[in-house]
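Here the structure is laid out as structure tokens; the discussion comes afterwards.
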Amino acid sequence: MGSTDELNMNGLSIGTNGTDVQELDALVVGAGFGGVYQLKVIRDAGYKVKLVEHGSDYGGVWYWNRYPGARVDSSIPHYEFSDPALWKDWTWNQRFPGSAELRTYFAHVADKWDLRKDTQFNTFVSSATWDDATARWTVKTKAGETYRVKFLLLNTGFAAKRYIPDWKGIDSFKGTFLHPSYWPHEEPDLKGKRVAVIGTGSTGIQLAQELSEVAGQLTVFQRTPNMSLPMAQVDYELPKQALPKPDYLNLFAGRTDSFSGFSFNFIPRSTFDDTPEQRRKTYEELWSEGDFKFWLATYYDMLFTKEANREAYNFWCEKTRAKVNDPKVADILAPIEQPHAFGCKRISLENGYFEIYNKPNVSLVDISDKGTPIQSITEKGIKTTDNEYEFDFIISATGYDAITGGLRQIDIKGPSGESLSEHWKDGAKTYLGLAVSGFPNMFFTYGPQAPTALCNGPTCAELQGNWILQAMNHMKEKSLSKMDAQKESEDEYKELIWKLANASLLPSVDSWYMGTNIPGKPREPLIYLGGVPTYYKTINETAANGYTGFTLS
Ligand code: NA7
């Protein structure tokens, strides 16, 4: 539908087929941290913008993930926006807030930033097509609405597309089969029931901890051990918080100087610079912090050299095995022989997880290739290579088509007619983890080839969101209609992504950081591994130099 076919009235056009076309400067897709920040700053800058979201409220992953025990494992106040208007009169109940408290926080953000009037929920964006003649994206929703916008801003996050393995027989199961991110709003009654949790990522661990208290019999199916670290939860006695409010400004300012967007950094010494006694003391101190510090504020060589990594693993293994009574169960949870490089698969934080296996109503099944893999789902439950287990509930905590899945599930077509999905069929290609060559005026946050899953979410939302706003402002000031990443820049950037990854141990491990959790997905580093400060410097220099690597017209 070209612009000449339409009658334009106050930003609303009527297409030839009678459908309304909403004209905007920008459409923001997704109402998690990335999307709400984007809406706020772009609207404040005077653009006409709307936010659309698949769910029926704000929160992104926190809207969807309502399973028992769902909570963030980044501590606050790291895990919140830096705007004083939000934090000056906000208090948290816990250091690691649960999903419901995070939804309340999002409601607070929506009120303070007055977001609701420009947000439309229950709206799934199904396609976007670029029209070169008008330099506009035509965006369609599943419900049949049409938007025509100069900028398409995708904030779909890293976990918008659930993954359930293609097991035979799921439909035949007579009990209830659930994916945790589609947890029913009306809480299912699991009390005294036979419950299976498949998967031991962050979700499986949180669920298992919680359900061990409720289920009659809980069986956890583990394919790979999760090298979880202890979470030191704190219940705040209000109004006391993690930090005095005047210290917040420093903490937020420091987030972009931290490798992972928190307020801490790696120790500038290598593991074996210290004596065994000093090292033990350092490990103990990091361990006792009860957050990600044993992972992301340890010796700088831990993620880069095998020996340093093994040393960290040995400490973790010793501490973890001490929590489990049965040595055979400990061999599955924390094998003495290191199964993969420590910290190169998503580390989770746990709160009594390993101890659940000391309870009589909890059991663990090793479904790795060395154990008894799942063969199918049956009417009664789960069939492995040596047994059929019977259940009332099966919870498939099997994760997501992470990082690229949420973007690829929208049918996005650039001027050449090539879709984003086709463009990425052999692997993700972006420039700066913000744009894709051949897809002009389309930007995204918390996606591939940016610090993303190794960066605290709100930090990334702000630093990428600000960059996108500046790019839009630049185009406005220069009266430009189109900004497109150059193919050569994209190719060079991909080389950089591999170079950074190859300097680390990450590519040696199967994980969703490498795309390997989804059968057939290309094996490649999906995350920028240079750390937040270097990423921040790179994207800001590109902007300061007039958006090098982009074609502006
Ligand atoms: P994850 O981290 O992707 O975990 C999924 C889990 O499911 C993991 O233990 C997988 O084992 C397991 N899995 C996946 N496919 C299978 C099959 N086919 N058979 C058996 N087991 C399987 O997702 P989460 O939801 O836990 O966490 C997502 C992120 O949310 C998390 O990292 C935080 O950032 C918050 P595997 O390790 O692949 O062997």
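Numbering of ligands and ligand atoms starts at 1, following listing order. Numbers for residues simply follow the sequence, beginning at 1.
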Using a 4.0 angstrom limit on heavy atoms, which residues are close to ligand 1? Phe158, Tyr163, Pro165, Trp167, Gly199, Thr200, Gly201, Ser202, Thr203, Arg223, Thr224, Lys345, Arg346, Ile367, Ala397, Thr398, Gly399, Tyr400, Trp512
Could you check whether Tyr248 and His78 have their ring centres less than 6.0 Å apart? no
Do the two ring centres, one from Phe106 and one from Trp62, sit under 6.0 Å apart? no
In this structure, is the centre-to-centre distance between the rings of Phe342 and Phe294 below 6.0 Å? yes
What about the rings of Phe266 and Phe259, do their centers lie closer together than 6.0 Å? yes
Flag the pair Tyr357 / Leu218 as yes when at least one side-chain heavy-atom distance between them is below 4.5 Å, and no otherwise. no
Is the centre of the Phe81 ring less than 6.0 Å from the centre of the Phe33 ring? yes
